[in-house]
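Chain naming here is simple, since letters A, B, ... match the order of the sequence lines and numbering starts at 1 in each.
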There are 2 protein chains.
Amino acid sequence: MALAEFASHGYQKASTNRIVKAAGIGKGMLFYYFTSKQELYEYLVKYSLEFIRSRYLNKVDADEPDLIERLTQLARLKMEAQAENEEVFRFSGVFLLDGETRLPEQLQEKIELMKRDGYRLMYEGIDKSRFRKDLDPDKVFHLIRWSIDGYQQELLARLTGQKLADIDFAPYWEEFYGYLAILKTSFYQTEEGLG
Amino acid sequence: MALAEFASHGYQKASTNRIVKAAGIGKGMLFYYFTSKQELYEYLVKYSLEFIRSRYLNKVDADEPDLIERLTQLARLKMEAQAENEEVFRFSGVFLLDGETRLPEQLQEKIELMKRDGYRLMYEGIDKSRFRKDLDPDKVFHLIRWSIDGYQQELLARLTGQKLADIDFAPYWEEFYGYLAILKTSFYQTEEGLG
DNA sequence: ATAACGTTCGACCAGACTGGTCCACATAAA
DNA sequence: TTTATGTGGACCAGTCTGGTCGAACGTTAT
């Protein structure tokens with residue numbers, strides 16, 4: 001799969017020979033459907049952008065004001081999309097950061113747009129007044145974000161090698177909710193303090 | 001610098017030609033002092049292990065039982081060592097994970113030993129009874145670790161491009177202590193609750 | 001049957017780059 | 001001058017690169 005090759009080597013060091021070998025097709029096929037390596041790369045970027053948007057970002061409820069709810073939603077939807085196509089997300093890590101490879105202006109714009117959308121989904125419209133009043137809400141915001149990111153990262157590290165789609169995530173979500181409960185107890189206002 | 005080349009390309013894809021060019025020396029010199037690329041790599045691994053041990057790990061007070069104190073110490077010492085030689089730490093990220101490159105058994109053992117020491121410094125001898133009694137101490141432990149890691153990671157991302165040694169870290173430590181204060185207020189027992 | 005056509009393959013190309021060799025040369029000590 | 005110690009970089013055989021191209025394939029139309 002070409003996605004995997006670009007994902008693990010970047011544009012420059014990706015090899016068309018390895019791509020065709022892994023795909024089980026002849027060299028001719030690749031250059032019959034794509035005129036060049038660059039064109040293949042652009043096609044994959046476009047495909048990935050569309051995949052991530054339709055299967056992940058568009059499903060997020062941007063009106064959810066509660067930080068933990070919002071982040072939980074993001075984590076869950078990302079996991080689901082990632083289980084559906086892992087390579088796309090690995091590849092996105094490449095082209096979202098890569099400043100070397102020259103892309104058509106229009107495509108580059110789409111990338112920037114998705115970055116901004118992702119940022120907004122993570123930072124905008126959060127009701128920080130739900131946090132304990134004696135704590136700096138911006139700092140609490142970051143602490144919660146880092147905690148959830150940390151869990152997610154550690155979980156993915158624990159699961160390396162396994163096919164995401166084959167894993168029963170139920171126990172992990174259970175564990176995750178345990179962490180969320182602690183975050184709520186520690187950082188949120190107590191119920192009676194509201195209204 | 002050879003460290004930088006191996007750090008950013010790994011063993012296989014690192015180029016001796018680029019190394020000598022970056023170092024401003026002739027090809028002959030490299031193979032005059034080292035018989036092969038492999039030997040150069042091994043030398044650098046050995047050098048880095050020694051550097052990290054003497055300038056970082058050995059300075060940590062493993063008897064500090066307070067998690068936040070311990071992690072703060074780790075963060076501070078790592079920053080100092082990293083400012084002294086950034087490349088070594090970038091390179092360590094490569095050879096600590098790299099499972100491909102075959103190293104002499106003795107050297108591989110040293111690497112494993114350092115991994116274990118690092119783990120112990122992070123996880124062992126922590127007094128979890130200082131956390132609020134209504135919270136699962138193991139989960140609190142992880143949440144605090146993820147928070148501190150998160151801040152550190154975000155800070156490094158903010159500072160990419162700048163020479164670490166030239167940065168005045170005072171304001172960042174100030175900011176960092178702000179986060180620590182919140183963690184203490186939220187996760188630790190109150191003073192009067194002790195003894 | 002045969003011709004035409006859309007596909008598919010992989011041998012092949014020039015060129016870039018690889019780790020490593022080797023020798024000319026510089027400097028300085030003897 | 002002779003010898004020893006460094007030092008540079010042209011050069012080597014070999015690998016790998018993105019890309020080309022003619023031959024062969026399976027269908028379908030004639």
Tell me whether A:Tyr43 at atom OH has more than 12 heavy atoms from other residues, nucleotides or ligands lying less than 6.0 Å away. no
Please verify the inter-ring angle class for B:Tyr123 with B:Phe141; under 30° counts as parallel, over 60° as perpendicular, anything in between as tilted. tilted
Residue-level proximity of residues 6-14 of chain B to DNA chain C when a heavy atom falls under 4.0 Å: B:Ala14
Please work out which residues in residues 17-34 of chain B have a non-hydrogen atom less than 4.0 Å from an atom of DNA chain C and list them by number. B:Asn17, B:Arg18, B:Lys27, B:Gly28, B:Phe31
Holding to salt bridge (Lys or Arg N to Asp or Glu O under 4.0 Å), I want the full list of residues that pass it with [X], two or more places apart in sequence or in another chain.
X        : value
B:Arg145 : A:Glu154
B:Lys115 : B:Glu112
B:Glu84  : B:Arg55
A:Glu69  : A:Lys184

Sequence-distant partners of A:Tyr188, side-chain hydrogen bond (donor to acceptor under 3.5 Å, both in side chains), two or more places apart: A:Asp66
Which part of the nucleic acid, if any, lies within reach of B:Ser15 when heavy atoms closer than 4.0 Å are counted: base, sugar-phosphate only, or nothing? sugar-phosphate
Once you round it to whole Å, what is the distance between C1' of C:dG20 and CD of B:Glu39? 13 Å
Steps toward side-chain contact (heavy atoms from CB on, under 4.5 Å) verdict (B:Thr101, B:Phe95): CA-CA 8 Å; B:Thr101 315; B:Phe95 71 76; over 6 Å; no
Show every donor-acceptor pair shorter than 3.5 Å between a side-chain atom in residues 44-53 of chain A and any protein atom, with sequence neighbours excluded, or say none if there are none.
from	atom 1	to	atom 2	distance (Å)
A:Ser48	OG	A:Leu44	O	2.8
A:Arg53	NH1	A:Asp117	OD2	2.9
A:Arg53	NH2	A:Asp117	OD2	3.0

Applying side-chain contact (heavy atoms from CB on, under 4.5 Å) to B:Phe176 and B:Gln152, what does each step give before you reach the verdict? CA-CA 9 Å; B:Phe176 185 55; B:Gln152 212 171 187; over 6 Å; no
Contacts table for residues 159-175 of chain B: side-chain donor-acceptor under 3.5 angstrom, sequence neighbours left out:
from	atom 1	to	atom 2	distance (Å)
B:Thr160	OG1	B:Ala157	O	2.9
B:Asp168	OD1	B:Ala170	N	3.2
B:Glu175	OE1	B:Tyr151	OH	2.9
B:Glu175	OE1	B:Arg158	NH2	3.3

Could you list where the contact with chain B starts and ends along DNA chain D, reading 5' to 3', using a 4.0 Å heavy-atom cut-off? D:dG6 to D:dA10
So what is the end-to-end bend of the helix from C:dA1-D:dT30 to C:dA30-D:dT1, with 5 pairs used at each end and the value given to 10 degrees? 30°
Quick one, B:Gln82 with B:Tyr56, criterion side-chain contact (heavy atoms from CB on, under 4.5 Å). Give me CA distance, side-chain angles, the key distance, then yes/no. CA-CA 9 Å; B:Gln82 221 158 357; B:Tyr56 172 35; over 6 Å; no
How would you list all residue pairs meeting salt bridge (Lys or Arg N to Asp or Glu O under 4.0 Å) that involve residues 8-29 of chain A, not counting sequence neighbours? A:Glu5-A:Arg18
